[in-house]
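Accompanying notes for the structure given below.
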Amino acid sequence: MSSIGTGYDLSVTTFSPDGRVFQIEYATKAVDNSGTVVGIKCKDGVVLGVEKLIPSKMLLEGSNRRIHAVHKHAGMAVAGLAADGRQIVARARSEASQYLSFYGEDIPIKELCDRVARYVHLCTLYWWLRPFGSATILGGYDRDGPQLYMIEPSGVAYRYFGAAIGKGRQAAKTAIEKLKLSEMTCREGIIAVAKIIYEVHDEAKDKAFELELSWVCDESNKQHQRVPADLLEEAKAAAKAAKDALDEDEGMDAD
Amino acid sequence: MEPMAGEWTSAAHSMGTTIMAVEYNGGVILGADSRTTTGVYVANRASDKITQLTDNVYLCRSGSAADTQVVSDYVRYFLNQHTIQLGREATVKTAATLVKELAYQNKSFLQAGMIVAGWDKYDGGSVYAVPLGGTLLRLPFATGGSGSSYLYGFLDQAWRPQMSKDEAERFVVKSIALAIARDGASGGVVRTVTVNEHGVERNFFAGDKLPLFHEEIPPGRNSLLA
C-alpha cells in the first residue's frame, strides 16, 4: 500500500504524479506507530481511551498524559508525536476560549472540530512548515448531544460513532464494530473501551502500558473528566479478566 | 437671529427616545417611540428605532443614531456569518454578546444605549440591556433612552412576570406613552415588535390609540376647536 515517493517526497508542497502528498502520508506513519487511541459515542455520551506505552520504568505514573481537557464540555485524546499533539490541543483550547469570549456561549463541538482541522490543514500548505505528526480524537457534549470527531494530520476530519488510531487500530476497529453503541451507556462504554485497549495491546512487542480513560456524558454532568478512580479500576479489572480468558483460549487452540 | 443658524443645523442626529423590552409568557415585546432630533429640531417624527438583527432577534436603539446604526450593521453581519457556520439560528445571548463587545471595546467613541431582545428555542424569550459603557445584563424587562427616567417608578410598581401577550403589549404601549407625555425628546408614535416561537409581529400605535393620562385632553372635540 505504501511506497517510497522518491523525489516527490521532499516537501509538503509537492504532489507526486499520482496525486499524493507524501509528506502527509509520512506524517500519518508517525501516528500509526504510536499507542492505540480509541473513542466511542454511546447513547448518553462519549468515552475516550488511550493505550499509553511506558518507555521507561523511571516515569512517574500518570505523567505524560495523552488525554487533555479542551473546554468544560470537550476533551481530546492524542496519538503520534506527543509534542505536536500538545500544540493541537493548545490551539483547540484557544479556539474554544475565544469563541466563548466573542459569542457568549460554549463552542459547539462541530465548530471546534472545524477550527482545529483548519489549523492542522494550514500546516500542510506551506513549505516552511511541516505537517503535524499526530492525529486527535475529539469527544464533546453540546446542545446537539454527544459527538465524536477525529482529525488526521492531513487536516481531514470526520464525525464518527467509533474511531481508533495508532498501532492496534485495525483490531480495535473490528472490536468497536461488534459493539451495539446506540444501546450502550457510558458506564458500559468504559468497560468496553478498556477491554479493547487491553485486547489490542501487544505484549510481545511493547512492554508496559498505562490505560487512560476519560468521558463526557450525562453522568459526568456533560463535563469532560477523567473517569473516576473506582470506575477506572473496575474497567481495568474487567479488561484484564477478559484478556486472561482470551489468552487461555488461545493457549488451548494452539494445541 | 439665533433660530436662523442655530445649533440644530449642525448637531448630530440623536434619538432622545424611550425604548423598552419585556419578557412575557412565550416571548418578548420590544417597544419604542419614534422621535429623532437634531438639537431641538425633530428630524424624523416617525422613525423606526427597533431594528432586526436576525429572524429571531431585534435591537432597540437609543443615543446617537449613527452610532447605533453602525453597531447594528456590524452585528447583523457577524450574526449572518455565524448562522451559516453554525447551521442553526443564533441565540439571543450570542447577539447580545456581540453588541456588548462592540459597545465595550469602543466605549470612548460611542454613545449608544441598546436593548437586545428575541426568542430562541433554548432560553425562550430573553431581554438583554447594553447601556452606555458596554455592560451586558439579562433582565426580565429593560428600558433606555432619555424617556426611561420617567418610567422607573412606574415599572417597579406595575411590572409582573408571566404576562400574556396582550397584557404585555398594553403594558409596553402605556409605558412609552407615559414617557412621551413627560419627555420632550420622545414623541411621535409607539412601535412594538413581538417575537416568539411562531415568528415576528410588528404593531403601530398613533394618536388616538395611545392612552391618556392626568389632565390630557381627548382628541376630537375640545375647547380650542369649538
Side-chain angles (χ1 to χ4, degrees), chain A residues 41 44-46 70-74 88 91-122 138-151 155-161 216-218 221-224, chain B residues 53-59 71-72 74-107 114-131 133-139 142 197:
Chain A
K41 175 182 113 64
D44 64 337
V46 170
V70 167
H71 203 64
K72 272 198 316 293
H73 62 325
I88 299 178
R91 180 73 186 207
R93 285 177 177 159
S94 159
E95 294 279 4
S97 159
Q98 275 185 356
Y99 186 99
L100 178 60
S101 265
F102 196 66
Y103 292 106
E105 291 180 331
D106 288 337
I107 187 168
I109 309 299
K110 175 172 192 302
E111 185 66 26
L112 177 61
C113 171
D114 274 353
R115 305 259 177 123
V116 174
R118 199 170 303 173
Y119 178 65
V120 170
H121 174 244
L122 188 82
L138 166 68
Y141 203 141
D142 65 18
R143 281 183 174 143
D144 299 317
Q147 290 152 69
L148 180 69
Y149 293 91
M150 178 163 84
I151 302 134
V156 144
Y158 290 117
R159 189 174 165 185
Y160 292 90
F161 295 110
V216 54
C217 57
D218 294 336
N221 219 358
K222 301 186 188 168
Q223 312 228 353
H224 176 260
Chain B
L53 294 179
T54 69
D55 288 343
N56 56 316
V57 182
Y58 279 71
L59 174 74
V71 167
S72 77
Y74 268 115
V75 174
R76 195 176 310 118
Y77 169 71
F78 288 136
L79 282 173
N80 185 239
Q81 296 197 314
H82 183 63
T83 304
I84 291 169
Q85 187 116 22
L86 218 54
R88 56 172 155 79
E89 63 180 19
T91 60
V92 188
K93 189 175 188 186
T94 298
T97 304
L98 290 172
V99 171
K100 174 268 288 176
E101 201 60 21
L102 284 170
Y104 178 74
Q105 299 295 352
N106 297 294
K107 59 163 80 194
M114 295 168 286
I115 302 178
V116 182
W119 184 93
D120 61 59
K121 63 177 185 232
Y122 304 110
D123 280 325
S126 349
V127 171
Y128 290 85
V130 185
T135 329
L136 177 64
L137 209 51
R138 182 173 178 192
L139 298 164
E197 70 180 299

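Order of the sequence lines sets the chain letters (A, B, ...), proteins ahead of strands, with each chain counted from 1. FYI, side chains are in, hydrogens and waters are out, and symmetry mates aren't considered; it's all heavy atoms of this structure.
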Parallel, tilted or perpendicular, as decided by the 30° and 60° cut-offs, for the rings of B:Phe78 and A:Phe102: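 Rings of A:Phe102 and B:Phe78: perpendicular, as their planes differ by over 60°.
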Nearest heavy atoms of A:Pro108 and B:Leu86, plus distance in Å: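 Scanning both residues completely, I find the closest heavy atoms to be CG-CD1, 3.5 Å.
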Heavy-atom contact with chain A under 4.5 Å, split by part of B:Glu101: side chain
Give, for atom CD of A:Glu111 and atom NE2 of B:His82, the distance between the pair rounded to the nearest 0.5 Å. 7.5 Å
Top contributor to chain A contacts, counting heavy-atom pairs under 4.5 Å, from B:Gln85, B:Lys100, B:Lys93: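 Most heavy-atom pairs under 4.5 Å with chain A: B:Gln85.
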Does NZ in B:Lys121 sit with more than 12 non-hydrogen atoms of other residues, nucleotides or ligands closer than 6.0 Å?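 No, because the 6.0 Å sphere around NZ of B:Lys121 holds 12 heavy atoms or fewer from other groups.
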